[in-house]
Amino acid sequence: MAKSVALIRGMGGPTALRMADLRSALEDAGLTGVVTLQVAGNIVFDHDDRSASTCAALIRRTVHQRFGHDLPVIVRSHQELVEAERRNPFVGTQESRLVMSVFLEEIPHPPIPLDPAAGGPDQFVVDGTEVFVRYAEAVGGSRLQTAWFEKRLGVLGTARNANTIAKLVHLTA
């Protein structure tokens, strides 16, 4: 069976969940083959005939009902993860922890050009439903955070570094 990954935005700190509890809640909601990676909202599951948007809504509703957190969820199939990793022009150019992919909920409409010079020493490329970012020195000190892209593109997103994406590609294979 094909696998997909649900990327929950904003999980951590006051919205942190025990992964065993999250897996159990999602299985109770009807997902199968549920595996979590880290405590940052990475959920691998068997993708049945439901659409990505249906799965995202199910996961968001379950997290909200069971844990009281209304957190956006973005779903990508194994193939979409592989394609995003392949299209990221910064993979292999910097430490993997400094190379990010911001997964967008949808393609910005109309496509909004962003000035690449806005990132200072950091670089980014907007490509469909992803934004690829290469941080020169540190992620935390950069203005190129998910919220910066969301505000300018008008689309929700969630970021994962290249290490995490490689693990998710492996887990969804």
Side-chain angles (χ1 to χ4, degrees), residues 4-17 37-44 51-64 67-169 172:
S4 290
V5 64
L7 306 167
I8 301 178
R9 179 182 182 272
M11 185 175 284
T15 60
L17 304 176
L37 175 66
Q38 303 162 342
V39 293
N42 304 302
I43 303 155
V44 174
S51 70
S53 61
T54 299
C55 292
L58 171 71
I59 293 166
R60 185 175 187 161
R61 184 174 54 253
T62 301
V63 169
H64 189 241
F67 305 103
H69 307 303
D70 186 20
L71 304 173
V73 177
I74 296 172
V75 173
R76 293 291 194 269
S77 69
H78 167 74
Q79 190 58 42
E80 289 169 326
L81 283 175
V82 168
E83 284 299 311
E85 187 177 47
R86 182 191 62 75
R87 290 188 344 265
N88 188 329
F90 305 120
V91 168
T93 66
Q94 180 68 295
E95 287 181 61
S96 294
R97 66 181 179 81
L98 298 175
V99 174
M100 294 279 188
S101 294
V102 180
F103 294 92
L104 302 174
E105 199 168 48
E106 61 185 346
I107 295 174
H109 293 290
I112 300 165
L114 297 179
D115 180 8
D122 303 323
Q123 299 173 323
F124 69 90
V125 173
V126 179
D127 185 359
T129 56
E130 283 82 35
V131 179
F132 304 116
V133 186
R134 179 187 180 273
Y135 296 98
E137 295 178 13
V139 176
S142 175
R143 73 185 332 178
L144 299 182
Q145 302 297 318
T146 301
W148 189 88
F149 291 109
E150 288 176 329
K151 181 178 180 181
R152 283 152 183 81
L153 297 174
V155 178
L156 286 175
T158 188
R160 300 298 186 272
N161 72 31
N163 288 330
T164 299
I165 293 167
K167 291 174 187 174
L168 290 170
V169 165
T172 57

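Source: prediction; values computed, not measured.
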Locate the shortest heavy-atom distance separating [X] from [Y]; write the atom from each residue and the value.
X: D70; Y: R60; value: OD1-NE, 2.7 Å
X: P108; Y: V155; value: CA-CG2, 3.7 Å
X: S101; Y: F132; value: OG-CD2, 3.4 Å
X: G128; Y: I107; value: C-CG1, 3.9 Å
X: P89; Y: T93; value: O-CG2, 3.8 Å
X: S4; Y: S77; value: OG-CA, 3.5 Å

Among T164, T158, N163, the one residue meeting side-chain hydrogen bond (donor to acceptor under 3.5 Å, both in side chains) with R160
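Single pass found, and it is T158.
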Could you tell me whether the side chain of [Y] reaches within less than 4.5 Å of the side chain of [X], counting heavy atoms only?
X: W148; Y: V131; result: no
X: V44; Y: L37; result: no
X: I74; Y: R9; result: no
X: M100; Y: N88; result: no
X: V169; Y: H78; result: yes
X: F149; Y: V133; result: yes
X: T62; Y: L58; result: yes
X: L7; Y: N42; result: yes

Candidate pair R134 and L98, rule side chain to side chain contact (heavy atoms under 4.5 Å, CB included), full reasoning:
CA-CA 6 Å; R134 179 187 180 273; L98 298 175; over 6 Å; no
Is a side-chain donor or acceptor of T15 paired with a backbone partner of G10 at a separation under 3.5 angstrom?
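Pair found, side chain donor or acceptor close to backbone of G10.
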Determine whether a donor-acceptor pair (N or O, by modelled atom type, separation under 3.5 Å) exists between the side chain of Y135 and the backbone of Q94.
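Between the backbone of Q94 and the side chain of Y135 there is no qualifying donor-acceptor contact (under 3.5 Å).
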To the closest 0.5 Å, what do you measure between OG1 (T146) and NZ (K151)?
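NZ of K151 is found 15.0 Å from OG1 of T146.
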Let me confirm one number: the CG-CZ distance from L144 to R152, rounded to the nearest 0.5 Å.
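So the gap between those two atoms works out to 9.0 Å.
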Run I8 and L17 through side chain to side chain contact (heavy atoms under 4.5 Å, CB included) and show every step you take.
CA-CA 11 Å; I8 301 178; L17 304 176; 5.9 Å; no
Got a sec: does the CD of Q38 have more than 12 other heavy atoms crowding it under 6.0 Å?
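Counting neighbours around CD of Q38, more than 12 heavy atoms of other residues, nucleotides or ligands fall under 6.0 Å, so yes.
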When R87 is tested against each of D127, V125, V82 for side-chain contact (heavy atoms from CB on, under 4.5 Å), which residue passes?
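Exactly one option meets the side-chain contact (heavy atoms from CB on, under 4.5 Å) with R87, and it is D127.
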Indicate whether the side chain of R76 and that of T129 have a donor and an acceptor atom separated by less than 3.5 Å.
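There is such a pair (donor and acceptor under 3.5 Å, judged by atom type) between the side chains of R76 and T129.
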Step-by-step side chain to side chain contact (heavy atoms under 4.5 Å, CB included) determination, L156 to E106
CA-CA 8 Å; L156 286 175; E106 61 185 346; over 6 Å; no
Output, in order, the C-alpha distance, side-chain angles, deciding distance and verdict of side chain to side chain contact (heavy atoms under 4.5 Å, CB included) for F103 and I165.
CA-CA 11 Å; F103 294 92; I165 293 167; 3.9 Å; yes
